[in-house]
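Below: the structure, in structure tokens.
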Amino acid sequence: MLENNDTVVVVPVFSEAPVIAQVIAELSQYFPHIYCIDDGSPDGSGEIAAKSGAHVVWHPMNFGQGAALQTGIEAGLENPDIKYFVTFDGDGQHSPIDAVEMVKTLRAREFDVVFGSRFLDERTELTAAKRVVLKLAVSYTNALTGLKLTDAHNGLRAFNRDVAKWINLQHNGMAHATEIVNQISKGNFRYCERPVHIVYTDYSKAKGQSLWNSVNILFDLILR
Amino acid sequence: MRIAQLFLMAVIFVLLWFALHHRSSTEARAFRRIAFLGLTVLIILAVIFPGTLTSIANTFGIGRGADLVIYLVAIGLLFFSVSTYLKFGDMDRRITLLSRHIALLESKGDIGRVDPDSLK
């Protein structure tokens, strides 16, 4: 239990009331420090997260996942004992075991950043359309950043304190996924990918991003 | 294509570039006001002297004076929407930075929580 006492799990939360208690319960079996950033949820997600034992940081309005992640990272940096950071989606699509494995990889000190990828094994089931869009997105991100990733738009990542200090997300919305990769590329950090299992429940599918949002993301990235 | 038409196209791209790169400078603000005044004067003149405007338009390879005004208005609209889009983006970023700072102070227990209802 205490083995991950030096790790903060950053969970951006926007209107996840039906599932957030369970997500935190599962995470807290492995991680004592869970920082939920309630991104102005109108449904009381933050209150539920606080009751479930997470440390909650409240955004007074909704700013988007990029802003929530940045707040969570900065809140984690306030604690000097924290060496590792994990970003973990609040809708229950990620597995805490994968996060544990990624932090283990970081502890070997061979890498500064571990990206989760749903394309490195066969566990994750995807619709054809989603697969195509994610593949296009990662091609774009790789071309932009020079990194070689198989899945750039995965919310499960782990990195050390140096990376946490370096990252400064400016894109509030979902364009932050590309932005994170870009900043890590500029910082010349050592990175790798680990296979992760994304569970697409009916809940996360209903809540998840519409493929149309990729148009908005592209626009945000180009024009600013 | 006439040289005058190429010139108009070039003006459009220079304006867009200007909108993107100097959006908050003093020059950009002055420029916006000059463009606004110029367009207003042009429209008034177009109403009073339709013939003159048409002959100006003709030198640019455009058939009618009214068409010239339409093109200029279209450029103005494009310019306006891009600069407004960017301005809102800037404002969003500033509000986010301020709010995130407040959120972190709350998280440390330095100040009380903002009541979200008070912001509605």
Side-chain angles (χ1 to χ4, degrees), chain A residues 8 10-15 33-47 49-50 54-80 82 164 167-173 175-176 179 216 219-224, chain B residues 9-25 27-29 31-32 35 74-120:
Chain A
V8 155
V10 175
V11 187
V13 176
F14 178 65
S15 294
H33 302 293
I34 301 165
Y35 284 20
C36 267
I37 294 71
D38 180 71
D39 196 20
S41 308
D43 68 347
S45 298
E47 281 83 358
H55 175 70
V56 178
V57 184
W58 307 89
H59 276 182
M61 299 179 249
N62 180 245
F63 295 118
Q65 201 176 19
L69 284 174
Q70 184 62 33
T71 302
I73 291 167
E74 286 178 28
L77 283 170
E78 299 272 350
N79 181 343
I82 297 302
I167 286 175
N168 183 14
L169 299 175
Q170 302 285 321
H171 281 294
N172 287 355
H176 72 269
E179 196 181 20
N216 299 335
F219 210 76
D220 283 348
L221 284 168
I222 293 168
L223 189 63
R224 61 171 307 186
Chain B
M9 299 284 278
V11 167
I12 296 174
F13 286 115
V14 168
L15 279 179
L16 271 181
W17 180 84
F18 201 73
L20 285 165
H21 290 276
H22 298 278
R23 48 188 126 126
S24 55
S25 69
E27 294 93 320
R29 257 185 305 145
F31 188 82
R32 269 200 296 275
I75 296 169
L77 192 65
L78 194 65
F79 186 73
F80 174 77
S81 35
V82 170
S83 61
T84 309
Y85 177 87
L86 292 170
K87 200 176 213 165
F88 271 116
D90 285 344
M91 208 148 76
D92 229 28
R93 266 188 284 282
R94 283 188 289 176
I95 295 175
T96 306
L97 281 177
L98 182 63
S99 309
R100 289 193 26 249
H101 187 78
I102 292 170
L104 287 167
L105 288 178
E106 285 169 13
S107 161
K108 279 194 288 183
D110 290 357
I111 53 171
R113 194 185 149 195
V114 176
D115 175 12
D117 289 332
S118 70
L119 297 171
K120 277 178 187 154

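Scope of the values below: all heavy atoms of this structure, side chains included, with no hydrogens, waters or symmetry mates. Below, read A as the first sequence line, B as the second, and so on, with proteins coming before strands; counting in each chain starts at 1.
- Considering every non-hydrogen atom in both T71(A) and A103(B), the closest pair reads CG2-CB, 4.4 Å.
- Interface remark: L97(B) contributes no atoms to any contact with chain A (heavy atom separation under 4.5 Å).
- In this structure E74(A) satisfies the side chain to side chain donor-acceptor pair (under 3.5 Å) test together with Q70(A), R100(B), sequence neighbours excluded.
- With rounding to the nearest 0.5 Å, the separation of CG in D39(A) from OG in S99(B) is 10.0 Å.
- Atoms CD1 and NE2, on I102(B) and H59(A) in that order, are 10.5 Å from each other to the nearest 0.5 Å.
- Scanning for side chain to side chain donor-acceptor pair (under 3.5 Å) contacts around T96(B) gives N172(A), with sequence neighbours left out.
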